[in-house]
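Values reported hereafter were calculated over all heavy atoms of this structure, with side chains retained and with hydrogens, waters and symmetry mates removed. The sequence lines fix the lettering, A, B, ..., with proteins before strands; numbering per chain opens at 1.
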Amino acid sequence: MSEVKRKQTKEITVTIDGKSITTEYGKTILEVARENDIYIPTMCYLTKVEPIASCRMCVVDVEGVDGMILSCQEKAVDGAVINTNTKELEAERQNIMKLYDVNHPLECGVCDKSGECDLQNKTLEFNVSQQNFTAKDMYRPVQNWGFISYDPSLCIMCEKCVRVCNEIVGSEQLQVSTGGYKSTIINTKPENNCISCGECMAVCPVGALVSSDFKYTSNAWELNKIPSSCALCSAGCQMYYEVKPESIDNPTEKIFRVTNEYEFTSMCGAGRFGFDYANTTAFKDRAKFERAVEAFKKADTITFSSSITNEEALMLTHIAKAIDAKLSCPEAYGFSKFLKAYSSVSGKSLWGGDLATLAKSDAIISLATRVKDDAPMVKNHIAMAVKREKAQVVYMHPIEDSHIQNLVTKFVKYEAGSEEGVVALLLELLTRDKELPTELKSFIDELDIGNLSGESSISEEELDEIVATFWKKRRFSLIVGEDIYNHPEVENIAKMLAAIEKYTNYNVVVTPPASNSLGVALICDLEPEATGYTVGYNCEADFNLSSLGDGDLDMPALNQQEGSIVTINKQLVPLNVALGYDGYILNDIANELGVGRKYTIDFTSELPKDKGFKGIEFDSLANNFSKYGEDIRGYKLEVINVESKIELNDVEDLPSFDGIVVYNVDSAQNPNPFTQKSKLTKTEPKLLGSKQFAMAAKVKDGDLVEFELNGKKVRRVFSIDTSLKGTIALNPTSDMGLSAFAVSSYRFSQININKVGGANE
Amino acid sequence: MSLDNLKNRNVGVQNYKMLDLGHTPETGWGKFKQVLKRSVKLELFVGLKVTMREMFKALFMGEMHTVKYPFEKLPISPRYRAIHEMKRLLESGHYRCIGCGLCEKICISNCIKMDTRYDENQRKEVSDYTINFGRCIFCGYCAEVCPELAIVHGGRYETASEQRASYSNFEDMLTPMDQLVNQKEYPGFGAPTPVADKNIKKTPLAY
Ligand code: SF4
Ligand code: SF4
Ligand code: SF4
Ligand code: SF4
Ligand code: SF4
Ligand code: FES
């Protein structure tokens with residue numbers, strides 16, 4: 001296939017509006033025009049999806065071709081002479097606008113979209129000042145879909161929402177119900193698959209889809225857009241915080257909503273709706289600050305979460321050196337071990353794949369992650385690959401996820417705890433006909449495939465089926481998930497995965513467990529455990545600095561400070577200040593201890609170059625997309641070559657989990673204690689299990705249960721989730737506050753469950 | 001013009017005429033006689049006659065010619081732009097403002113602030129609205145831009161206050177409910193033209 005493609009990539013010359021343009025074959029007329037600053041009006045065109053072609057606004061004239069051509073769909077061909085602006089085209093476009101305006105409610109005055117509405121703009125642009133046509137009006141009530149509300153009478157049926165839900169999010173939630181002026185969008189299964197990601201709302205060109213929370217609270221132009229990056233997970237999506245004073249009586253700024261460059265990029269529901277986690281009550285309490293400095297001075301260990309910026313991570317290493325303490329990060333330690341072991345085999349400081357290569361793959365293995373919850377953006381890119389590249393997806397996990405059934409070709413279930421065996425089986429499978437160095441060859445030859453497949457309960461037939469599924473595929477991706485980092489054998493697993501990347505044509509995408517785990521893993525030398533007197537930054541310790549606002553000293557949340565994080569794309573992206581913060585910051589403490597700088601962002605250019613950072617100053621970091629949709633935010637980390645040698649341990653007996661098992665996982669909308677603090681995304685924590693689990697654990701729906709996890713007693717209401725199967729229950733940790741960041745155990749654990757309250761108590 | 005010309009102004013020939021005022025007494029006796037004569041003839045009251053007549057008319061016959069400011073004020077031109085008023089719908093009494101925010105946006109001294117919310121009837125509700133009259137320059141843009149004829153300039157022109165910043169709240173500007181029947185349409189800035197009715201085009205209806 002790539003062969004054929006290459007042949008077609010030839011240079012062509014087209015003339016648009018008298019301007020001669022040389023470009024390469026494969027682009028649509030609209031793309032060529034836009035790249036050359038020639039304006040063609042569109043209504044349904046959305047850069048990030050395949051052409052929708054529902055509006056006909058983009059019509060152009062191609063000399064020698066009868067009729068008008070849809071420029072968003074038609075490829076430019078060599079020698080074509082194209083006119084974008086004739087009288088007929090203008091008339092055609094004006095007619096289209098007139099039709100769009102028929103019966104459109106005259107409610108711009110109250111509509112949330114007013115001021116940034118495509119329909120409003122184009123109506124003025126095409127000078128439609130009166131309605132000459134008519135259609136019977138009808139009652140079309142507003143519908144509420146979770147965080148989003150849909151007003152069918154404002155909908156212009158551009159189908160952008162349907163397209164993103166299918167092609168980008170993969171939820172296949174929305175459908176067009178056609179019928180002339182009766183046409184609407186229908187949400188087919190509102191309570192089931194819709195994950196309230198808000199993608200549909202973001203791309204809606206009119207006020208038909210809006211946030212129910214934001215609705216009517218502010219006019220768009222009153223809001224101040226602050227460009228930043230979402231700091232809730234390692235995808236680090238581009239975003240704008242939109243802020244203005246809370247009300248007439250309260251002049252403090254408040255985040256009213258979050259928007260993004262929806263033409264080119266996406267966000268998940270947590271980022272879009274879980275934005276109000278700022279620590280707003282902090283003030284400069286000198287006594288507390290002095291206590292904090294004292295605490296640092298006597299600390300043996302500084303323990304922290306990886307939801308901090310690179311600058312803070314660097315600051316902590318300086319502080320640790322100054323006070324002679326150790327650094328520990330329970331959240332990222334496993335991951336940093338993984339990364340070191342991985343590099344030791346791959347010879348590269350970072351893994352090879354990223355989300356862009358993932359979306360372009362046609363064969364994908366997702367391993368050891370409940371991907372829709374752990375990494376919504378990874379799931380989105382799987383969806384894009386499935387929809388555009390016809391990718392086959394093998395989903396390997398102990399728990400089936402019915403929500404993404406539509407994306408997964410083959411679900412391969414393995415036993416919880418057997419990841420080492422699973423990766424060994426994959427290594428053997430994927431390197432079968434490859435040239436391998438002798439030490440790897442002999443390692444693979446020594447694997448007891450039969451035994452491994454028995455213990456992990458992946459049959460050899462299933463393995464063969466994976467091969468069959470990927471028959472004739474060429475662009476492979478392997479997604480490595482969070483389950484592995486805290487597995488006791490993480491290093492061996494990492495090395496085997498690195499061998500897969502090195503000796504096969506798989507692009508490996510490693511999902512960091514939290515927003516800046518990658519940055520922390522690169523910048524800090526982490527110790528396995530916190531010992532002695534501990535000071536915690538966003539992590540439970542003897543003395544707590546907390547951005548959640550519940551510690552011994554307040555710290556700013558990630559939307560209240562400048563800094564940078566490193567994303568899953570191995571890219572450093574900047575964070576900006578959305579809301580003010582009145583308390584002390586880590587740099588104040590660092591200054592007190594003699595290792596601070598004037599500003600926190602003075603550390604940005606000091607980030608370690610030997611780890612791939614580029615020494616660029618914070619203020620020179622871009623945070624936008626080019627006008628052609630290229631991501632030019634921050635910079636990509638340099639991949640550093642490191643020494644590589646293959647030293648694998650034999651795969652011993654795999655651990656086994658019997659009886660009742662829980663899996664620590666938070667939902668995509670509420671991934672961590674920050675979103676649990678947010679008004680919209682906070683949820684009541686529930687232990688979710690299947691009917692089968694309920695039977696095995698002898699609990700009923702609604703029971704209050706207690707179990708021990710990580711040495712801590714946890715109390716939860718148990719709830720039956722009919723979409724689950726098997727005897728593994730899902731346990732959220734986002735309600736655990738600072739101690740959620742202190743969890744460093746393997747994600748599956750065997751528990752004893754006690755019922756402490758009945759369903760009706 | 002040279003200095004000479006300036007100093008040497010030619011005043012020209014003037015047509016002055018002497019009035020026959022009799023002669024001014026020069027001796028003490030002569031002066032005394034003049035005073036005596038004037039007092040006896042009550043010339044003073046001849047001069048005061050008009051004044052006394054008007055005073056009588058004003059006090060007893062209700063023909064006062066001055067305005068007792070600040071107890072009374074003269075009517076002011078409808079186009080005068082003084083302190084704003086917020087109008088209500090005559091039928092329902094509901095305030096007209098829909099919260100479109102155009103006045104807030106257009107205000108060049110940035111002195112209008114408003115809060116809106118999603119109300120129980122799924123409508124946009126203006127929950128608060130204020131104008132800072134310490135900054136308002138009474139330009140009238142807000143009244144002109146308002147699509148609902150909701151905000152208009154009223155006739156209250158006294159804007160002296162104890163503080164530089166003096167605010168008006170929504171309730172202060174709204175027509176009081178008991179005055180609704182007396183609410184006048186505003187003929188000034190932004191008002192529909194007298195021929196507005198004629199210019200309205202009906203949307204074609206197929207049913
Ligand atoms: S969708 Fe656009 S055109 Fe329609 S009422 Fe809203 S702002 Fe006006
Ligand atoms: S919120 Fe997301 S999942 Fe739900 S309909 Fe919109 S795009 Fe689809
Ligand atoms: S809801 Fe919005 S995005 Fe969807 S079809 Fe209607 S106008 Fe287009
Ligand atoms: S009169 Fe002018 S300055 Fe005063 S509130 Fe209206 S727009 Fe603002
Ligand atoms: S312009 Fe008129 S309707 Fe709009 S917010 Fe101002 S007063 Fe209200
Ligand atoms: S942009 Fe081409 S049909 Fe809508």
Side-chain angles (χ1 to χ4, degrees), chain A residues 98 101-117 120 128-138 140-144 147-151 153-154 180-181 207 210-223 244-251 254 256-257, chain B residues 86 89 94-108 110-135 142 145-151 165-173 190 199-207:
Chain A
K98 282 184 178 164
D101 284 330
V102 171
N103 284 2
H104 190 83
L106 290 172
E107 62 172 71
C108 298
V110 295
C111 185
D112 278 340
K113 204 69 182 183
S114 184
E116 48 183 30
C117 171
Q120 213 178 35
V128 182
S129 55
Q130 63 192 62
Q131 178 173 330
N132 312 355
F133 310 105
T134 158
K136 191 161 169 62
D137 221 341
M138 61 207 129
R140 292 199 270 195
V142 175
Q143 300 160 25
N144 282 316
F147 295 150
I148 299 160
S149 96
Y150 174 58
D151 187 341
S153 52
L154 294 174
Y181 268 95
V210 296
S211 151
S212 311
D213 170 63
F214 174 72
K215 196 168 187 177
Y216 296 168
T217 53
S218 174
N219 289 306
W221 55 80
E222 294 297 330
L223 296 164
K244 76 165 193 180
E246 171 147 17
S247 67
I248 291 173
D249 300 326
N250 181 0
K254 177 185 143 180
F256 273 69
R257 65 171 175 183
Chain B
M86 280 279 194
L89 292 168
H94 195 275
Y95 53 79
R96 291 184 188 173
C97 174
I98 55 170
C100 72
L102 294 184
C103 50
E104 184 181 19
K105 177 70 188 166
I106 204 165
C107 176
I108 43 173
N110 221 349
C111 62
I112 300 183
K113 285 275 166 293
M114 57 195 302
D115 291 341
T116 54
R117 67 175 200 109
Y118 184 67
D119 79 358
E120 294 69 31
N121 307 318
Q122 304 198 323
R123 296 174 61 113
K124 191 173 189 174
E125 185 197 63
V126 183
S127 46
D128 208 351
Y129 186 107
T130 104
I131 300 182
N132 177 350
F133 286 116
R135 295 178 62 168
C142 51
V145 78
C146 180
E148 301 293 316
L149 300 179
I151 191 162
S166 102
Y167 290 86
S168 234
N169 291 327
F170 200 29
E171 300 75 46
D172 306 336
M173 289 185 281
N199 288 341
I200 287 180
K201 286 190 195 119
K202 282 191 182 156
T203 300
L205 288 181
Y207 46 95

Just jot down the side-chain contact (heavy atoms from CB on, under 4.5 Å) partners of Lys254(A), sequence neighbours excluded, or say none.
Glu246(A), Phe256(A)
Okay, Thr217(A) and chain B: the region with an atom under 4.5 Å from a heavy atom over there is both
I want to check something: taking the side chain as every heavy atom from C-beta on, are Arg257(A) and Asp112(A) in contact at a cut-off of under 4.5 Å?
no
For chain A, which residues from residues 126-134 of chain B lie under 4.5 Å away (heavy-atom distances)?
Asp128(B), Tyr129(B), Thr130(B)
Can you confirm whether Cys108(A) sits close enough to Cys117(A) that some side-chain heavy atom of one is under 4.5 Å from a side-chain heavy atom of the other?
no
Less than 4.5 Å apart, any side-chain heavy atom of Lys113(A) and any of Val210(A)?
no
Note, Phe147(A) side chain near Asp213(A) side chain (heavy atom, < 4.5 Å):
no
Part of Glu125(B) lying under 4.5 Å from any heavy atom of chain A:
neither
Go through the steps to decide whether Lys244(A) and Asn219(A) satisfy the test side-chain hydrogen bond (donor to acceptor under 3.5 Å, both in side chains), and finish with yes or no.
CA-CA 11 Å; Lys244(A) 76 165 193 180; Asn219(A) 289 306; over 6 Å; no
Checking Glu107(A) against chain B: side chain, backbone, both or neither under 4.5 Å from a heavy atom?
neither
Heavy-atom contact with chain B under 4.5 Å, split by part of Ser218(A):
backbone
CE-OG distance between Met114(B) and Ser247(A), expressed to the nearest 0.5 angstrom
13.5 Å
